[in-house]
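In the text below, chain A, chain B and the rest are named by the order of the sequence lines, each starting its count at 1.
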Amino acid sequence: MYSNMIQSAKDQIAELTRSAYAAAVEAGALPAGVETPVAVEIPKDAANGDYTTTFCLAAAKAMKKSPREVAQILAGRMRFEDTYFTGVEIAGPGFLNFRLGEKWYAEVLSDVLTLCAAYGRGNALEGKKYMVEFVSANPTGPMHMGNARGGVLGDTLASVFEMNGAKVWREFYVNDAGNQIEKFAKSIEARYLQLIQGEDAVEFPEDGYQGDDIRDLAAAFREQYGDNYVNCDVAKRHADMARFGLDRNIPKMKSDLARYGIEFDQWFLESSLYESGAVEEAMAILTERGYTYEKDGALWLKTAQIMRERLRGEGKSDEQIDKLDLKDDVLRRANGFYTYFASDIAYHRNKFATRGFDKVINVWGADHHGHVARLKGAMDAVGLDGDKLDIVLMQLVKLVRDGETVRMSKRTGKSISLSDLLDEIPVDACRWFFNTKPDTQMEFDLDLAVREDSENPVYYVQYAHARIRSLISALGEDGYTLKDEVDVALANSEQERELIKALAAFPEEVRMAARDYDPSYINRYLVSLAATFHRFYNACRIKGEADDVIAVRLALAEATDRVIDNGLDILGVSAPEKM
RNA sequence: GCCCUCGUAGCUCAGCUGGAUAGAGCGUCCGCCUCCUAAGCGGAAGGCCACGCGUUCGAAUCGCGUCGAGGGUGCCA
């Protein structure tokens with residue numbers, strides 16, 4: 001059961017317009033064969049109707065008449081019985097403006113109250129198996145602001161897909177293999193030996209991880225194993241130290257993310273791809289398909305050729321492609337180790353070929369953008385469809401306090417980690433603020449996020465919810481509860497009509513958030529819904545009115561509350577009863 | 001050099017597949033509680049939509065170019 005009353009209204013106008021055109025052709029008033037699509041919009045100014053179509057402006061030329069003439073002819077042939085509309089008027093250069101009738105308002109209200117928690121759901125992605133892979137932070141150290149933003153964004157995006165009917169899998173890819181793990185092990189090793197033999201006796205690797213967290217791991221390792229690893233096989237020492245570090249870091253990441261309300265269906269280990277032979281297998285397929293070659297002792301992927309094929313498919317000319325200066329990529333280094341790219345190909349092949357996802361969305365930091373096209377191309381090269389993989393790139397987060405950029409934590413003097421942030425900012429505010437449009441650089445105002453007042457949009461929305469709860473309970477004490485039947489015609493003030501229209505918009509916002517991979521539609525919508533409610537609350541009293549007026553206004557308040565609840569639920573922000 | 005993202009009010013940002021006088025919040029100024037939560041509401045001021053050319057009935061929106069900001073440019077992940 002779904003409801004999208006905006007879409008329903010638009011569909012009706014398109015239908016009304018098309019049949020009016022057909023009738024006009026029949027009568028010989030307009031030429032046949034004009035296929036201009038009927039675009040339906042909601043005018044910014046309600047004075048121009050509740051809905052409008054620009055069909056006459058767009059089709060006039062092909063019909064060899066002025067837009068207003070076309071409008072005249074069509075308007076005269078529209079029948080509004082059993083539609084949501086009361087009539088049509090011609091305006092401006094040739095707009096057809098339609099006015100909603102009671103039927104539409106009544107259906108919106110009853111849909112919200114009937115569907116309850118399901119109101120807002122859509123079927124655009126019905127039956128689709130989606131994966132959202134996000135955060136996937138390097139397990140060699142603490143997570144940073146970018147991971148926090150990615151975590152919230154990915155989690156909310158996943159919820160948005162679910163609301164549109166998809167079956168969604170949330171996944172964290174753990175880079176527990178390869179070069180950086182070796183570096184991780186060597187860093188712990190150096191700190192461990194330094195603890196025992198003195199700082200100066202052991203040189204710290206030049207490209208090692210400098211953070212205190214590595215020192216802590218080394219100390220903990222020593223506490224557990226004493227000096228046993230001083231004279232030990234180096235390979236074993238590295239392996240055991242890496243294992244030790246990961247076994248501490250990964251649970252920490254899980255618990256840090258859990259503080260943000262983020263839970264994954266799976267933590268997928270990169271190492272498992274090596275253990276299962278999936279990397280070898282993917283490389284074999286690429287080789288078999290003729291996309292690899294060996295040079296300088298390394299195994300290379302013919303990225304330039306693959307990308308050329310892909311870009312040609314997108315309609316790019318050879319000249320444009322030449323300018324890109326495409327280069328091939330190393331899959332297996334001369335030292336015998338596979339690159340990250342190689343395991344990533346195996347990983348994404350696993351997502352599609354082994355696990356059968358229809359669509360995979362990866363949330364990445366914008367600094368990875370150079371990798372996007374290559375990975376899509378590599379999917380083509382292993383015989384899959386790179387277009388099933390979409391990457392959401394997020395720009396960086398800039399923390400601001402007192403109008404100045406903050407790079408370091410006050411407390412630790414280090415770059416601010418995801419858990420540091422939560423020590424300072426409530427989780428609701430974090431989830432709200434990080435859920436911004438991914439492709440814009442984000443300024444996170446620490447002063448604003450902690451403010452518990454009207455300047456903070458989280459509280460503005462939560463306040464609307466709390467206000468409604470208290471209103472409803474006050475009415476309940478007077479014996480007024482939600483009725484099955486109310487007369488929407490009594491809710492005919494401007495504020496009431498606007499509120500119902502706002503309620504009707506929710507499913508459409510949920511749909512667009514999924515379409516554009518941008519869950520911040522929900523944030524903006526909720527602020528606007530809350531504002532519409534506050535205006536209604538101010539203009540329309542409830543207590544003390546006639547019983548049937550109380551009934552319909554109470555229903556409006558209930559419905560608004562329901563929608564705010566559903567919206568906040570998608571965002572993972574709480575909806576307090578009292579504030 | 002080349003590629004990606006961005007440039008809209010003092011600040012943070014909306015503006016959907018081109019549509020009617022360019023929107024919101026914050027900040028500034030002026031009002032509104034004997035009455036359901038004033039964490040609210042109403043009003044005022046504030047814009048060459050970076051700039052130029054083009055496409056069209058119509059451009060903040062699409063195309064090309066210039067300038068500016070951030071990111072990337074791969075045997076790192």
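Using modelled atom types, one finds a donor on one side chain and an acceptor on the other under 3.5 Å when comparing A:N97 with A:T52. A:N362 and A:H348 form a side-chain donor-acceptor contact under 3.5 Å, judged by distance and modelled atom types alone.
Across B:A39, B:G71, B:C16, the shortest atom-to-atom separation from the side chain of A:D367 is found for B:G71. For A:A334, counting side-chain heavy atoms from C-beta on, the closest listed nucleotide (B:C75, B:G19, B:A20) is B:C75. Checked against B:A39, B:A77, B:C75, the side chain of A:N175 finds its nearest nucleotide in B:A77. The side chain of A:D329 approaches B:G74 more closely than any other nucleotide in the set B:G74, B:A20, B:C75. Candidate nucleotides B:C36, B:G40, B:G19 were compared by shortest atom distance to the side chain of A:R541, and B:C36 ranks first.
Listed here is the closest heavy atom pair of A:P93 and A:L57: CG-CD2, 3.8 Å. Considering all non-hydrogen atoms of both residues, A:S343 and A:E270 come closest at OG-OE2, 2.7 Å.
Contact annotation: A:K44 reaches the phosphate of B:A20 (side-chain N/O to OP1 or OP2, under 4.0 Å). Within the 4.0 Å cut-off from OP1 or OP2 of B:U12, not a single side-chain nitrogen or oxygen of A:R524 is found. Within the structure, every side-chain polar atom (N or O) of A:T54 is placed at least 4.0 Å from both OP1 and OP2 of B:G19. The side chain of A:K578 contributes no N or O atom lying less than 4.0 Å from OP1 or OP2 of B:U37. The shortest distance between the side-chain N/O atoms of A:Y537 and the OP1/OP2 oxygens of B:C33 is not below 4.0 Å. Side-chain N/O atoms of A:N179 include one lying less than 4.0 angstrom from OP1 or OP2 on B:A77. Here A:R535 reaches the OP1 or OP2 of B:G42: one of its side-chain N or O atoms lies under 4.0 Å away.
Comparing A:I42 and A:K61 against RNA chain B, the residue whose closest nucleotide sits nearer the 5' end is A:I42.
Across the P atoms, B:G68 and B:C62 are found 23 Å apart, a figure rounded to whole Å. Annotation: B:C32 and B:A38 have their P atoms spaced 16 Å apart (nearest Å).
A 3.5 Å limit on both hydrogen-bonding distances identifies B:A50 as the Watson-Crick or G-U partner of B:U66. Checking B:C32 for Watson-Crick or G-U wobble geometry (two distances, each under 3.5 Å) identifies B:G40 as its partner.
Going from atom NE2 of A:H368 over to atom P of B:G71 covers 15 Å, rounded to whole Å. Straight-line distance from the CG atom of A:L471 to the C1' atom of B:C35: 13 Å, rounded to whole Å. Rounded to whole Å, atom C1' of B:C57 lies 15 Å from atom CD of A:E69. A:Y525 places its OH atom 18 Å from the P atom of B:A24, with the value rounded to the nearest Å. For the pair A:R374 CZ and B:C75 C1', the computed distance is 12 Å after rounding to whole Å. Rounded to whole Å, the distance from CD1 on A:I472 to P on B:C36 is 16 Å. As a whole-Å value, the separation of A:F341 CZ from B:C76 P is 15 Å. As rounded to whole Å, 11 Å separates atom C1' of B:C57 from atom CZ of A:F95.
Among the atoms of the strands shown, none is found under 4.0 Å from any heavy atom of A:D516.
Its glycosidic angle being more than 90° from 0, B:C16 falls on the anti side.
A cation-pi arrangement is not found for A:R332 relative to A:F337, the charged atom failing to lie both closer than 6.0 Å to the ring centre and inside a 45° cone about the ring normal. Because its NZ or CZ atom is not both nearer than 6.0 Å to the ring centre of A:Y293 and within 45° of the ring axis, A:K302 does not count as a cation-pi partner of that residue.
Judged by distance alone, with hydrogens and angles left aside, A:H369 brings a side-chain donor or acceptor within reach of the base of B:G71, the pair sitting under 3.5 Å.
Ion pairing between a basic and an acidic side chain is recognised when a charged N comes within 4.0 Å of a carboxylate O; A:R553 and A:D548 show no such pairing.
Residue ring and nucleobase are not stacked for A:Y463 and B:G40 under a centre distance beneath 5.5 angstrom and an angle between planes beneath 30°.
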